[in-house]
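Remember, it's 1-based here, ligands and their atoms both numbered in the order they're listed.
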Amino acid sequence: MFTVIGERINTTLKKVRAATENRDADYIRGDVEKQVAAGATYIDVNAGARIGHEAEDMKWLLSVIMETTRLPLCLDSPDPAILEMAYDMVDQPPLINSISLEKERFDPMIDFLKGKECRIIALCMDDSGMPQSVHDIFSRAQLLVKELEAIGVARDDIFIDPLIQPMAVAAENGTMAMDSVEKIMKELKGVHTTGGLSNISYGLPQRKIINRIFLSMMMARGFDSAIMDPLDPKIMATLKTTTMIQGNDNFCMNYIKAVRAGEIIA
Ligand code: THG
């Protein structure tokens, strides 16, 4: 099953930022309800945009979201202290977003993760910066899996993020991500791969067509999760159609159901 991480509760989005500033719980509830109805597996929660307010904003967002849905949450922050605070608030095992090989994040996160009931997104990032090749991505993924397994994390609980980088920055960025996903899924059997899908289209016009074709191409190489907008009906139609073509939809029933519900229109 593909894991959809609904990305919309992120204070970098203007409306979410305003709702968070004004403690407008109805707006947040409405958005979360729509993401759940659209088929999100996890709701990502990122309160990082208001500098100096991340802890209080995260607490408020989590309390509002937990009153709205029982869906598990994806706790999204680069700050281990915020992730620990958020972990203590939730009532269902979360997906923690994220750990990386950057020393300031890796050491506290590994200590924290020992014995915890959760899943984890592991970024292929280290102190030398963003990966520049499939080799960079795969060697970091391998090290992350080794270190997480050493503290008892099951492969099924590890989501490797190869770090999707914009096509507008370098023509190799698409194939680098796709080749990496294929290698990770083949050689680190049992882990999942995920990532911020829309990074691929950053800086280009008509981003949504890029995002959805990229999703389909990534899925063909084994990508089995994405941080994405479940309220974009065309990307959800692409996800369901690709799943069907991959043979992962018995008798094409989910595809046919989605067509009948008006969710897939050629
Ligand atoms: N990997 C991991 N976590 C991540 C990312 C990643 N978390 C944050 C981000 N990247 C994924 N989340 C979002 C949330 C919203 C949007 C994009 C990614 C979004 N962006 C529009 C844009 O960029 O134009 C709209 C912005 C706006 O409205 O201002 O909607 O890569 N592990």
Linked, directly or transitively: Trp60 and Met85 (ILVMFWY side chains, under 4.5 Å)
yes

Any side-chain donor paired with an acceptor under 3.5 Å for Ser216 and Thr242?
yes

Using heavy atoms and a threshold below 4.0 Å, how should the contact between Leu123 and ligand 1 be classified: side chain, backbone, both, or neither?
side chain

Honestly, for Asn199 the part within reach of ligand 1 (heavy atoms, under 4.0 Å) is side chain

Should the heavy atoms of other residues, nucleotides or ligands under 6.0 Å from CE of Met217 be counted, would the total exceed 12?
no

Tell me whether Ser198 has any N or O atom under 3.5 angstrom from an N or O of ligand 1.
no

Counting only heavy atoms not in Lys116 (residues, nucleotides, ligands), do more than 12 fall under 6.0 Å from its NZ?
yes

Protein heavy atom under 4.0 Å of atom 13 (C) of ligand 1
yes

Atom 24 (O) of ligand 1: closest protein heavy atom, distance to 0.1 Å, is Arg207 NH1, 2.8 Å

Compare all side-chain heavy atoms of Met185 with those of Ile160 and state whether any distance is below 4.5 angstrom.
no

Report yes if some N/O of Asn97 lies less than 3.5 Å from some N/O of ligand 1; otherwise report no.
yes

Looking only at protein heavy atoms, identify the closest one to atom 29 (O) of ligand 1 and say how far it is in Å.
Thr12 O, 3.9 Å

Check this for me - ligand 1, Asn46, N or O atoms closer than 3.5 angstrom, yes or no?
no

Tell me whether the rings of Phe223 and Phe2 are parallel (<30°), tilted (30 to 60°) or perpendicular (>60°).
perpendicular

Nearest neighbour of atom 19 (C) of ligand 1 from the list Asn10, Leu13, Asp76, on a heavy-atom basis:
Leu13

Contact (N/O only, under 3.5 Å) between Asp161 and ligand 1
yes

Surrounding CD1 of Ile209 (heavy atoms of other residues, nucleotides or ligands, distance under 6.0 Å), is the total greater than 12?
no

At less than 4.0 angstrom from any non-hydrogen atom of Ile121, what atoms of ligand 1 do you find?
32 (N)

Would you give the length of the straight line joining atom CD of Glu56 to atom CZ of Arg23, rounded to the nearest 0.5 angstrom?
6.0 Å

Nitrogen or oxygen of Asp44 less than 3.5 angstrom from that of ligand 1
no

Could an N or O of ligand 1 be found under 3.5 Å from any N or O of Ile227, whether backbone or side chain?
no

Which bit of Arg8 gets closer than 4.0 Å to ligand 1, counting heavy atoms only: side chain, backbone, both or neither?
neither

Which residue owns the protein heavy atom closest to atom 6 (C) of ligand 1, what's the atom, and how far is it?
Gly196 N, 3.6 Å

Quick one: nearest non-hydrogen protein atom to atom 18 (C) of ligand 1, plus distance?
Glu7 OE1, 3.4 Å

Are a donor atom and an acceptor atom from the side chains of Asn10 and Thr12 found within less than 3.5 Å of each other?
yes

Under 3.5 Å side-chain donor-acceptor pair for Ser128 and Arg140
yes

